[in-house]
There are 2 protein chains.
Amino acid sequence: MTAQPQDVRQQILHEATRLFVDRGYHGLSMREIAEAVGVSKAGLYYHFKDKEDLFLAILTNNLERLEQTIQQARQAAAVRGQVELFVTEIFQWAPEQRAIIRLASQEMDHLSQHSVTEFTRLYHAKFISQIQAMLAAGIEHGELRAMDPVVATWLLLGMMYPYLYSSHAGEMNTSTEAVQLMLSIFFDGAAT
Amino acid sequence: MTAQPQDVRQQILHEATRLFVDRGYHGLSMREIAEAVGVSKAGLYYHFKDKEDLFLAILTNNLERLEQTIQQARQAAAVRGQVELFVTEIFQWAPEQRAIIRLASQEMDHLSQHSVTEFTRLYHAKFISQIQAMLAAGIEHGELRAMDPVVATWLLLGMMYPYLYSSHAGEMNTSTEAVQLMLSIFFDGAAT
DNA sequence: CCTACCGATCGGTAGG
DNA sequence: CCTACCGATCGGTAGG
(Lines give C-alpha, C1' and ligand atoms only; values in the text may rest on other atoms or scores of the structure.)
Protein backbone atom coordinates (compact mmCIF):
# COMPACT_ATOMS: atom_id res chain seq x y z
CA MET A 1 0.00 0.00 0.00
CA THR A 2 1.53 3.31 -1.13
CA ALA A 3 1.09 6.45 0.96
CA GLN A 4 -1.23 8.98 -0.68
CA PRO A 5 -0.15 12.63 -1.17
CA GLN A 6 -2.77 14.00 1.19
CA ASP A 7 -1.66 11.58 3.88
CA VAL A 8 1.90 12.87 3.59
CA ARG A 9 0.82 16.51 3.73
CA GLN A 10 -1.34 15.81 6.76
CA GLN A 11 1.48 13.87 8.37
CA ILE A 12 3.86 16.79 7.86
CA LEU A 13 1.35 19.20 9.40
CA HIS A 14 0.81 16.84 12.33
CA GLU A 15 4.49 16.28 13.16
CA ALA A 16 5.49 19.90 12.50
CA THR A 17 2.73 21.16 14.81
CA ARG A 18 4.07 19.10 17.68
CA LEU A 19 7.66 20.14 17.01
CA PHE A 20 7.00 23.88 16.46
CA VAL A 21 4.99 23.97 19.71
CA ASP A 22 7.89 22.39 21.60
CA ARG A 23 10.76 24.29 20.02
CA GLY A 24 9.47 27.52 18.49
CA TYR A 25 9.88 28.73 14.91
CA HIS A 26 13.65 29.24 14.86
CA GLY A 27 14.35 26.36 17.23
CA LEU A 28 13.22 23.80 14.66
CA SER A 29 14.88 23.00 11.33
CA MET A 30 13.28 21.67 8.18
CA ARG A 31 15.77 18.81 8.43
CA GLU A 32 14.32 17.75 11.77
CA ILE A 33 10.75 17.96 10.52
CA ALA A 34 11.68 15.81 7.50
CA GLU A 35 13.32 13.20 9.73
CA ALA A 36 10.33 13.10 12.08
CA VAL A 37 7.93 12.54 9.17
CA GLY A 38 10.19 10.07 7.35
CA VAL A 39 10.50 12.00 4.09
CA SER A 40 13.43 13.87 2.60
CA LYS A 41 13.84 17.56 3.22
CA ALA A 42 13.13 18.16 -0.47
CA GLY A 43 9.86 16.35 0.07
CA LEU A 44 8.74 19.07 2.46
CA TYR A 45 9.41 21.65 -0.25
CA TYR A 46 7.15 19.82 -2.63
CA HIS A 47 4.20 20.29 -0.26
CA PHE A 48 5.11 23.73 1.12
CA LYS A 49 6.83 26.66 -0.58
CA ASP A 50 9.14 27.28 2.35
CA LYS A 51 9.39 27.06 6.13
CA GLU A 52 7.14 30.08 6.62
CA ASP A 53 4.48 28.62 4.33
CA LEU A 54 4.44 25.42 6.42
CA PHE A 55 4.25 27.37 9.65
CA LEU A 56 1.40 29.55 8.38
CA ALA A 57 -0.51 26.47 7.17
CA ILE A 58 -0.44 25.17 10.76
CA LEU A 59 -1.64 28.50 12.17
CA THR A 60 -4.37 28.85 9.55
CA ASN A 61 -5.67 25.31 10.14
CA ASN A 62 -5.90 26.09 13.84
CA LEU A 63 -7.54 29.44 13.23
CA GLU A 64 -10.37 27.80 11.31
CA ARG A 65 -10.93 25.28 14.09
CA LEU A 66 -10.87 28.15 16.57
CA GLU A 67 -13.48 30.05 14.57
CA GLN A 68 -15.79 27.02 14.52
CA THR A 69 -15.39 26.63 18.29
CA ILE A 70 -16.42 30.26 18.82
CA GLN A 71 -19.40 29.92 16.46
CA GLN A 72 -20.62 26.92 18.46
CA ALA A 73 -20.06 28.70 21.77
CA ARG A 74 -22.05 31.74 20.65
CA GLN A 75 -25.17 29.59 20.39
CA ALA A 76 -25.48 29.65 24.18
CA ALA A 77 -28.03 32.15 25.49
CA ALA A 78 -26.06 34.19 28.03
CA VAL A 79 -22.49 35.48 27.62
CA ARG A 80 -21.40 33.46 30.66
CA GLY A 81 -22.57 30.28 28.97
CA GLN A 82 -20.83 31.32 25.76
CA VAL A 83 -17.50 31.90 27.48
CA GLU A 84 -17.90 28.69 29.46
CA LEU A 85 -18.56 26.65 26.30
CA PHE A 86 -15.61 28.27 24.53
CA VAL A 87 -13.08 27.76 27.34
CA THR A 88 -14.30 24.24 28.14
CA GLU A 89 -13.97 23.20 24.50
CA ILE A 90 -10.46 24.71 24.13
CA PHE A 91 -9.30 22.96 27.30
CA GLN A 92 -10.46 19.65 25.85
CA TRP A 93 -8.20 20.02 22.83
CA ALA A 94 -4.95 18.07 22.81
CA PRO A 95 -2.17 20.10 24.53
CA GLU A 96 -0.22 20.66 21.31
CA GLN A 97 -3.36 21.89 19.55
CA ARG A 98 -4.16 24.31 22.39
CA ALA A 99 -0.58 25.54 22.35
CA ILE A 100 -0.91 26.78 18.74
CA ILE A 101 -3.05 29.64 20.06
CA ARG A 102 -0.04 30.81 22.05
CA LEU A 103 2.39 30.01 19.22
CA ALA A 104 0.49 32.31 16.85
CA SER A 105 0.99 35.45 18.92
CA GLN A 106 4.36 34.38 20.22
CA GLU A 107 6.11 33.75 16.89
CA MET A 108 4.24 36.30 14.79
CA ASP A 109 7.18 38.73 14.83
CA HIS A 110 9.51 36.13 13.29
CA LEU A 111 7.67 36.02 9.98
CA SER A 112 7.94 38.25 6.92
CA GLN A 113 6.19 41.61 6.93
CA HIS A 114 3.56 40.49 4.42
CA SER A 115 2.69 37.29 6.31
CA VAL A 116 2.39 39.15 9.59
CA THR A 117 0.01 41.72 8.13
CA GLU A 118 -2.14 39.13 6.41
CA PHE A 119 -2.31 36.65 9.28
CA THR A 120 -2.89 39.33 11.94
CA ARG A 121 -5.86 40.52 9.89
CA LEU A 122 -7.33 36.98 9.75
CA TYR A 123 -6.48 36.34 13.40
CA HIS A 124 -8.40 39.42 14.49
CA ALA A 125 -11.34 38.83 12.16
CA LYS A 126 -11.87 35.17 13.03
CA PHE A 127 -10.80 35.09 16.67
CA ILE A 128 -10.09 38.27 18.65
CA SER A 129 -12.99 40.34 17.31
CA GLN A 130 -15.38 37.39 17.87
CA ILE A 131 -14.50 37.30 21.55
CA GLN A 132 -14.76 41.07 21.70
CA ALA A 133 -18.23 40.95 20.13
CA MET A 134 -19.30 38.28 22.66
CA LEU A 135 -18.24 40.46 25.58
CA ALA A 136 -19.58 43.67 24.02
CA ALA A 137 -23.00 42.04 23.64
CA GLY A 138 -22.85 40.98 27.29
CA ILE A 139 -22.16 44.57 28.30
CA GLU A 140 -24.99 45.87 26.11
CA HIS A 141 -27.48 43.35 27.58
CA GLY A 142 -26.46 44.38 31.09
CA GLU A 143 -25.01 40.97 31.91
CA LEU A 144 -21.53 42.49 32.24
CA ARG A 145 -20.51 45.80 33.79
CA ALA A 146 -19.66 48.75 31.60
CA MET A 147 -16.02 48.23 30.53
CA ASP A 148 -13.69 48.40 27.56
CA PRO A 149 -14.43 45.15 25.63
CA VAL A 150 -10.98 45.24 23.99
CA VAL A 151 -9.16 45.22 27.34
CA ALA A 152 -11.64 42.69 28.75
CA THR A 153 -10.92 40.35 25.80
CA TRP A 154 -7.17 40.46 26.46
CA LEU A 155 -7.71 39.81 30.15
CA LEU A 156 -9.94 36.80 29.42
CA LEU A 157 -7.54 35.33 26.86
CA GLY A 158 -4.64 36.09 29.18
CA MET A 159 -6.17 33.91 31.89
CA MET A 160 -6.02 31.01 29.43
CA TYR A 161 -2.37 31.65 28.52
CA PRO A 162 -0.63 29.66 31.26
CA TYR A 163 -2.63 26.64 30.07
CA LEU A 164 -1.43 27.04 26.49
CA TYR A 165 2.04 25.67 27.19
CA SER A 166 2.14 21.97 26.34
CA SER A 167 5.28 21.59 28.50
CA HIS A 168 3.24 22.73 31.51
CA ALA A 169 0.55 20.18 30.70
CA GLY A 170 1.93 17.79 33.28
CA GLU A 171 2.19 20.19 36.21
CA MET A 172 -1.13 21.94 35.66
CA ASN A 173 -4.57 20.48 35.60
CA THR A 174 -6.94 21.69 32.93
CA SER A 175 -9.69 19.83 34.70
CA THR A 176 -13.17 21.12 35.40
CA GLU A 177 -12.00 22.74 38.64
CA ALA A 178 -9.40 24.94 36.90
CA VAL A 179 -11.91 25.99 34.22
CA GLN A 180 -14.56 26.72 36.82
CA LEU A 181 -12.19 28.81 38.94
CA MET A 182 -11.22 30.77 35.84
CA LEU A 183 -14.85 31.46 34.97
CA SER A 184 -15.86 32.30 38.54
CA ILE A 185 -12.95 34.75 38.90
CA PHE A 186 -13.65 36.38 35.52
CA PHE A 187 -17.38 36.79 36.19
CA ASP A 188 -17.68 37.01 39.99
CA GLY A 189 -14.16 37.92 41.15
CA ALA A 190 -11.82 36.39 43.70
CA ALA A 191 -12.89 38.59 46.61
CA THR A 192 -15.38 37.48 49.27
CA MET B 1 37.98 58.34 26.98
CA THR B 2 38.18 54.55 26.85
CA ALA B 3 35.10 52.43 27.55
CA GLN B 4 35.35 50.58 30.86
CA PRO B 5 34.77 46.79 31.04
CA GLN B 6 31.68 47.15 33.22
CA ASP B 7 30.19 49.67 30.79
CA VAL B 8 30.64 47.21 27.96
CA ARG B 9 29.09 44.35 29.94
CA GLN B 10 26.13 46.56 30.86
CA GLN B 11 25.83 47.74 27.27
CA ILE B 12 25.78 44.14 26.06
CA LEU B 13 23.05 43.25 28.58
CA HIS B 14 21.05 46.32 27.58
CA GLU B 15 21.18 45.74 23.82
CA ALA B 16 20.77 41.97 24.09
CA THR B 17 17.69 42.38 26.30
CA ARG B 18 15.98 44.51 23.68
CA LEU B 19 16.96 42.13 20.86
CA PHE B 20 16.05 38.87 22.67
CA VAL B 21 12.66 40.33 23.57
CA ASP B 22 12.02 41.22 19.92
CA ARG B 23 13.37 38.10 18.27
CA GLY B 24 13.40 35.24 20.79
CA TYR B 25 16.37 33.08 21.80
CA HIS B 26 16.94 31.27 18.51
CA GLY B 27 15.87 34.23 16.37
CA LEU B 28 18.90 36.24 17.46
CA SER B 29 22.53 35.50 16.70
CA MET B 30 25.62 36.43 18.71
CA ARG B 31 26.89 38.19 15.58
CA GLU B 32 23.89 40.54 15.60
CA ILE B 33 24.29 41.32 19.29
CA ALA B 34 27.98 42.13 18.71
CA GLU B 35 27.14 44.49 15.86
CA ALA B 36 24.42 46.23 17.86
CA VAL B 37 26.82 46.82 20.75
CA GLY B 38 29.74 47.71 18.51
CA VAL B 39 32.11 44.98 19.65
CA SER B 40 33.37 41.86 17.92
CA LYS B 41 31.58 38.56 18.35
CA ALA B 42 34.59 37.27 20.25
CA GLY B 43 34.21 40.26 22.56
CA LEU B 44 30.87 38.90 23.74
CA TYR B 45 32.59 35.64 24.64
CA TYR B 46 34.99 37.57 26.84
CA HIS B 47 32.11 38.77 29.03
CA PHE B 48 29.85 35.70 28.80
CA LYS B 49 30.74 32.02 28.52
CA ASP B 50 28.25 31.34 25.75
CA LYS B 51 24.89 32.44 24.36
CA GLU B 52 22.97 30.67 27.10
CA ASP B 53 25.10 32.34 29.80
CA LEU B 54 24.29 35.78 28.37
CA PHE B 55 20.59 34.94 28.13
CA LEU B 56 20.48 33.65 31.72
CA ALA B 57 22.27 36.78 32.97
CA ILE B 58 19.42 38.84 31.50
CA LEU B 59 16.76 36.63 33.10
CA THR B 60 18.53 36.58 36.47
CA ASN B 61 18.93 40.37 36.54
CA ASN B 62 15.23 40.70 35.88
CA LEU B 63 14.32 38.10 38.48
CA GLU B 64 16.10 40.07 41.21
CA ARG B 65 14.29 43.25 40.23
CA LEU B 66 11.04 41.28 40.22
CA GLU B 67 11.71 39.96 43.72
CA GLN B 68 12.33 43.47 45.04
CA THR B 69 9.08 44.66 43.47
CA ILE B 70 7.16 41.89 45.20
CA GLN B 71 8.84 42.60 48.55
CA GLN B 72 7.78 46.25 48.29
CA ALA B 73 4.24 45.31 47.28
CA ARG B 74 3.83 42.96 50.24
CA GLN B 75 4.20 45.90 52.61
CA ALA B 76 0.63 46.95 51.79
CA ALA B 77 -1.95 45.91 54.39
CA ALA B 78 -4.59 44.05 52.37
CA VAL B 79 -3.97 41.56 49.55
CA ARG B 80 -5.83 43.80 47.13
CA GLY B 81 -3.42 46.64 47.87
CA GLN B 82 -0.48 44.25 47.49
CA VAL B 83 -1.59 43.02 44.08
CA GLU B 84 -2.40 46.59 43.01
CA LEU B 85 1.07 47.82 44.01
CA PHE B 86 2.73 44.89 42.26
CA VAL B 87 0.83 45.21 38.98
CA THR B 88 1.05 49.01 38.91
CA GLU B 89 4.82 48.88 39.41
CA ILE B 90 5.35 46.22 36.71
CA PHE B 91 3.26 48.22 34.24
CA GLN B 92 5.50 51.22 34.83
CA TRP B 93 8.58 49.31 33.74
CA ALA B 94 9.90 49.93 30.24
CA PRO B 95 8.17 47.58 27.72
CA GLU B 96 11.32 45.55 27.02
CA GLN B 97 11.91 45.09 30.76
CA ARG B 98 8.33 43.94 31.31
CA ALA B 99 8.63 41.56 28.36
CA ILE B 100 11.46 39.63 30.05
CA ILE B 101 8.86 38.13 32.41
CA ARG B 102 7.21 36.56 29.38
CA LEU B 103 10.54 35.68 27.76
CA ALA B 104 11.58 33.66 30.81
CA SER B 105 8.68 31.20 30.60
CA GLN B 106 8.51 31.33 26.82
CA GLU B 107 12.12 30.41 26.03
CA MET B 108 12.80 28.21 29.06
CA ASP B 109 12.49 25.02 27.01
CA HIS B 110 15.24 26.14 24.62
CA LEU B 111 17.97 26.03 27.26
CA SER B 112 20.08 23.13 28.53
CA GLN B 113 18.59 20.70 31.03
CA HIS B 114 20.77 21.99 33.88
CA SER B 115 19.97 25.66 33.27
CA VAL B 116 16.25 24.95 33.07
CA THR B 117 16.26 23.08 36.38
CA GLU B 118 18.33 25.73 38.16
CA PHE B 119 16.48 28.76 36.79
CA THR B 120 13.01 27.24 37.27
CA ARG B 121 13.91 26.67 40.91
CA LEU B 122 14.97 30.32 41.35
CA TYR B 123 11.99 31.56 39.33
CA HIS B 124 9.56 29.73 41.60
CA ALA B 125 11.34 30.67 44.82
CA LYS B 126 11.68 34.40 44.06
CA PHE B 127 8.56 35.03 41.99
CA ILE B 128 5.81 32.42 41.61
CA SER B 129 5.75 31.20 45.20
CA GLN B 130 5.77 34.83 46.46
CA ILE B 131 2.59 35.57 44.53
CA GLN B 132 1.10 32.28 45.72
CA ALA B 133 1.90 33.20 49.34
CA MET B 134 0.28 36.61 48.84
CA LEU B 135 -2.94 35.06 47.58
CA ALA B 136 -2.88 32.20 50.13
CA ALA B 137 -2.65 34.77 52.95
CA GLY B 138 -5.61 36.63 51.43
CA ILE B 139 -7.64 33.41 51.46
CA GLU B 140 -6.65 32.65 55.05
CA HIS B 141 -7.62 36.16 56.21
CA GLY B 142 -10.99 35.81 54.52
CA GLU B 143 -10.28 38.60 52.02
CA LEU B 144 -10.41 36.12 49.15
CA ARG B 145 -12.78 33.20 48.62
CA ALA B 146 -11.61 29.65 49.27
CA MET B 147 -9.72 28.59 46.14
CA ASP B 148 -6.58 26.85 44.92
CA PRO B 149 -3.86 29.52 45.32
CA VAL B 150 -1.70 27.82 42.66
CA VAL B 151 -4.40 28.08 39.99
CA ALA B 152 -5.31 31.59 41.18
CA THR B 153 -1.67 32.67 40.78
CA TRP B 154 -1.54 31.45 37.18
CA LEU B 155 -4.82 33.21 36.39
CA LEU B 156 -3.57 36.51 37.87
CA LEU B 157 -0.23 36.33 36.04
CA GLY B 158 -2.04 35.25 32.89
CA MET B 159 -4.10 38.46 32.91
CA MET B 160 -0.82 40.37 32.74
CA TYR B 161 0.55 38.30 29.84
CA PRO B 162 -0.96 40.20 26.90
CA TYR B 163 0.77 43.31 28.28
CA LEU B 164 4.15 41.60 28.34
CA TYR B 165 4.65 41.82 24.58
CA SER B 166 6.73 44.88 23.75
CA SER B 167 5.49 44.69 20.14
CA HIS B 168 1.94 45.16 21.43
CA ALA B 169 3.05 48.17 23.46
CA GLY B 170 1.77 50.55 20.81
CA GLU B 171 -1.69 49.07 20.32
CA MET B 172 -2.46 48.47 24.00
CA ASN B 173 -2.58 50.96 26.80
CA THR B 174 -1.00 50.00 30.08
CA SER B 175 -2.53 53.08 31.57
CA THR B 176 -4.30 53.32 34.92
CA GLU B 177 -7.60 52.32 33.30
CA ALA B 178 -6.25 48.98 32.03
CA VAL B 179 -4.65 48.18 35.40
CA GLN B 180 -7.81 49.15 37.26
CA LEU B 181 -10.00 46.98 35.00
CA MET B 182 -7.64 44.07 35.55
CA LEU B 183 -7.80 44.47 39.33
CA SER B 184 -11.56 45.00 39.39
CA ILE B 185 -12.14 41.88 37.28
CA PHE B 186 -9.75 39.76 39.35
CA PHE B 187 -11.26 40.85 42.68
CA ASP B 188 -14.88 41.76 41.86
CA GLY B 189 -15.56 40.02 38.54
CA ALA B 190 -16.91 41.29 35.24
CA ALA B 191 -20.56 40.42 35.93
CA THR B 192 -23.10 42.99 37.13
C1' DC C 1 38.71 42.57 23.65
C1' DC C 2 40.30 41.54 18.00
C1' DT C 3 41.26 38.97 13.48
C1' DA C 4 41.03 34.97 11.49
C1' DC C 5 39.05 31.03 11.28
C1' DC C 6 36.71 25.91 12.35
C1' DG C 7 33.13 21.87 12.00
C1' DA C 8 28.32 21.66 11.44
C1' DT C 9 24.32 22.95 10.17
C1' DC C 10 20.93 26.40 8.32
C1' DG C 11 16.88 27.10 4.69
C1' DG C 12 16.38 26.24 0.11
C1' DT C 13 17.13 24.13 -4.77
C1' DA C 14 19.53 21.62 -8.70
C1' DG C 15 18.77 17.64 -12.20
C1' DG C 16 16.62 13.17 -12.73
C1' DC D 1 3.04 16.73 -19.85
C1' DC D 2 1.84 14.97 -14.52
C1' DT D 3 2.59 13.32 -9.22
C1' DA D 4 5.54 12.63 -5.54
C1' DC D 5 9.46 12.45 -4.27
C1' DC D 6 15.16 11.41 -3.93
C1' DG D 7 20.43 12.03 -3.28
C1' DA D 8 23.39 15.55 -3.45
C1' DT D 9 24.70 19.96 -3.01
C1' DC D 10 24.15 25.19 -3.28
C1' DG D 11 25.55 29.88 -0.93
C1' DG D 12 25.47 31.62 3.75
C1' DT D 13 25.49 31.59 8.63
C1' DA D 14 25.25 29.35 13.24
C1' DG D 15 27.90 29.12 17.90
C1' DG D 16 32.38 28.86 19.38
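Below, chain A is the first sequence line, B the second, and so on; all start at residue 1.
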Take the protein atom [atom1] of [X] and the nucleotide atom [atom2] of [N], then report the distance between them rounded to whole Å.
X       : N      : atom1 : atom2 : answer
A:Phe48 : D:dA4  : CZ    : P     : 12 Å
B:Arg23 : D:dT13 : CZ    : P     : 13 Å
A:Lys49 : C:dG11 : NZ    : C1'   : 12 Å
A:His26 : D:dG15 : NE2   : C1'   : 16 Å
A:Arg31 : C:dA8  : CZ    : P     : 13 Å
B:Tyr45 : C:dC2  : OH    : C1'   : 15 Å
A:Leu44 : D:dC6  : CG    : C1'   : 13 Å

Open item on the list: How about CD on A:Glu140, more than 12 heavy atoms from neighbouring residues, nucleotides or ligands closer than 6.0 Å, or not?
Closed with: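 Atom CD in A:Glu140 is not crowded, with 12 or fewer foreign heavy atoms closer than 6.0 Å.
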Task: Most 5' of A:Glu32 and A:Ala42 on DNA chain C, judged by nearest nucleotide - done: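 Nearest-nucleotide comparison on DNA chain C picks A:Glu32.
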- [ ] Under 4.0 Å between any heavy atoms, over every strand shown, what does B:Ile12 touch: base, sugar-phosphate, or nothing? Just pick one.
- [x]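 Contact class for B:Ile12: none.
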Task: Closest nucleotide among D:dG15, C:dC1, C:dC10 to the B:Met30 side chain - done: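 Shortest atom-to-atom distance from the side chain points to D:dG15.
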Open item on the list: For the backbone of B:Ser29 and the side chain of B:Lys41, can you confirm whether one donor and one acceptor N or O come within less than 3.5 Å of each other?
Closed with: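 Absent.
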Open item on the list: Looking at A:Glu89 and A:Thr69, would you say the former's side chain and the latter's main chain have a donor-acceptor pair under 3.5 Å?
Closed with: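 No, the answer is negative, given that no donor and acceptor are paired below the 3.5 Å cut-off.
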Open item on the list: Does C:dC1 have its OP1 or OP2 closer than 4.0 Å to a side-chain nitrogen or oxygen of B:His47?
Closed with: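 So the side-chain polar atoms of B:His47 do come within 4.0 Å of the phosphate oxygens OP1 or OP2 of C:dC1, strictly under.
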Task: Same-atom distance (P) from D:dG12 to C:dA8, integer angstrom - done: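 Each nucleotide's P atom is 22 Å from the other's.
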TODO: State whether A:Tyr25 and A:Lys51 meet the cation-pi test: NZ (Lys) or CZ (Arg) under 6.0 Å from the six-membered ring centroid, and within 45° of the perpendicular axis.
DONE: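 Satisfied, under 6.0 Å and within 45°.
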